[in-house]
Amino acid sequence: AQKITQTQPGMFVQEKEAVTLDCTYDTSDPSYGLFWYKQPSSGEMIFLIYQGSYDQQNATEGRYSLNFQKARKSANLVISASQLGDSAMYFCAQVSYNQGGKLIFGQGTELSVKP
Amino acid sequence: DSGVTQTPKHLITATGQRVTLRCSPRSGDLSVYWYQQSLDQGLQFLIQYYNGEERAKGNILERFSAQQFPDLHSELNLSSLELGDSALYFCASSDASSPSGDTQYFGPGTRLTVL
């Protein structure tokens, strides 16, 4: 069965520093995708970044990058130059394409950025 | 703004009642997904529709049902409501032809409170 594990319930980072949020996944499907979403206190879910299982390079989107280590089944999110507005819950999610399009989410990591 | 709209934003009702949550996907997206976010269960996939047809089902209760209409908007019906149904309900939509692996874009959610 698919499973996403985020082992850091909460993290603190100083403004302007980089931070890594951990995510490990478990699937036997060779074709899958990994996603990170941000949920601010207002509640909406904001898509940040996507990595496909066959992608050779790590995904990047502005200050976000995904450190994809396929053999270790990890998909860590790196946020560079943290900003106060980055304070939020961050969810890692996975879709296995041979099992439809449903997303399986981790429990989330609450990130707090200190000024 | 993701382009996905959900109404109402908040809903307060009593146990035993029935409610309908509405979702309009992003323009051109054929897939609609419903998720439930609660404190104890986290984010859980409920059901997916594609172009009017049910595509996948998650742990959706028999008291819950959904449909997608010809104009592609979707409704989630929750009946015989219980206290435990109080949660944030998200709708998401995706474009199957997207190069980024069918990324799901979330609406702002409907917060349901059952008293």
Side-chain angles (χ1 to χ4, degrees), chain A residues 1-7 9 23 25 27 29-55 57-61 64 66 68 75 88-110, chain B residues 1-6 9-10 23 25-26 29-51 53-60 66 87-113:
Chain A
Q2 302 169 63
K3 187 177 179 182
I4 293 284
T5 302
Q6 294 181 251
T7 57
C23 172
Y25 60 94
T27 181
D29 190 340
S31 178
Y32 56 88
L34 297 157
F35 301 81
W36 279 92
Y37 287 86
K38 172 185 177 181
Q39 187 176 37
S41 58
S42 51
E44 71 266 35
M45 293 287 288
I46 303 167
F47 165 69
L48 296 178
I49 196 165
Y50 163 81
Q51 180 85 43
S53 58
Y54 296 117
D55 292 343
Q57 293 188 325
N58 287 340
T60 61
E61 289 284 350
Y64 304 107
L66 199 152
F68 181 45
M89 283 290 288
Y90 289 81
F91 291 94
C92 180
Q94 177 197 10
V95 61
S96 289
Y97 292 115
N98 290 338
Q99 297 182 38
K102 67 178 182 182
L103 287 172
I104 304 297
F105 285 88
Q107 290 301 307
T109 294
E110 184 170 9
Chain B
D1 186 349
S2 67
V4 179
T5 61
Q6 287 187 250
K9 195 170 176 62
H10 300 278
C23 167
R26 294 187 317 158
D29 285 359
L30 300 180
S31 279
V32 168
Y33 308 79
W34 287 96
Y35 293 88
Q36 179 194 58
Q37 185 178 30
S38 61
L39 282 175
D40 53 345
Q41 298 287 332
L43 272 155
Q44 301 277 319
F45 167 74
L46 294 178
I47 198 164
Q48 176 197 0
Y49 279 84
Y50 178 81
N51 202 19
E53 294 192 3
E54 183 183 302
R55 179 62 69 92
K57 227 171 184 175
N59 295 327
I60 187 168
L88 186 53
Y89 291 84
F90 284 109
C91 168
S93 73
S94 69
D95 171 12
S97 65
S98 166
S100 63
D102 220 7
T103 295
Q104 294 178 32
Y105 293 90
F106 283 70
T110 293
R111 184 166 295 281
L112 173 67
T113 303

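Just so it is clear, the model here is predicted, and its values are computed rather than measured.
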Problem set entry | Contact leader toward chain B among A/Gly43, A/Ala59, A/Gly101, A/Gly33, where contacts are heavy-atom pairs under 4.5 Å | A/Gly101
For this session: Check each atom of B/Gln37 against the heavy atoms of chain A and say whether the ones under 4.5 Å are side chain, backbone, both or neither.
Result: side chain
For this session: Please round to the nearest 0.5 Å and tell me the distance separating atom CD of B/Gln44 and atom CG of A/Leu103.
Result: 12.5 Å
Problem set entry | Side-chain heavy atoms of A/Gln39 within contact of B/Phe90, under 4.5 Å | yes
Exercise. Do A/Tyr37 and B/Leu43 come within less than 4.5 Å of each other through their side chains, counting heavy atoms only?
Worked result: no
Exercise. Heavy-atom count around B/Arg26 CZ within 6.0 Å, excluding the residue itself: above 12?
Worked result: yes
Exercise. Take atom CG in B/Asn59; do more than 12 heavy atoms of anything else shown fall under 6.0 Å from it?
Worked result: no
Problem set entry | Atom pair OG1/CD1 of B/Thr103 and A/Ile49 - distance to nearest 0.5 Å | 10.5 Å
Problem set entry | chain A contact via B/Leu88 - side chain, backbone, both or neither, heavy atoms under 4.5 Å | side chain
Exercise. Between CG of B/Asp102 and OH of A/Tyr50, what distance do you get to the nearest 0.5 Å?
Worked result: 8.5 Å
Exercise. Between NZ of A/Lys102 and CZ of B/Phe45, what distance do you get to the nearest 0.5 Å?
Worked result: 6.5 Å
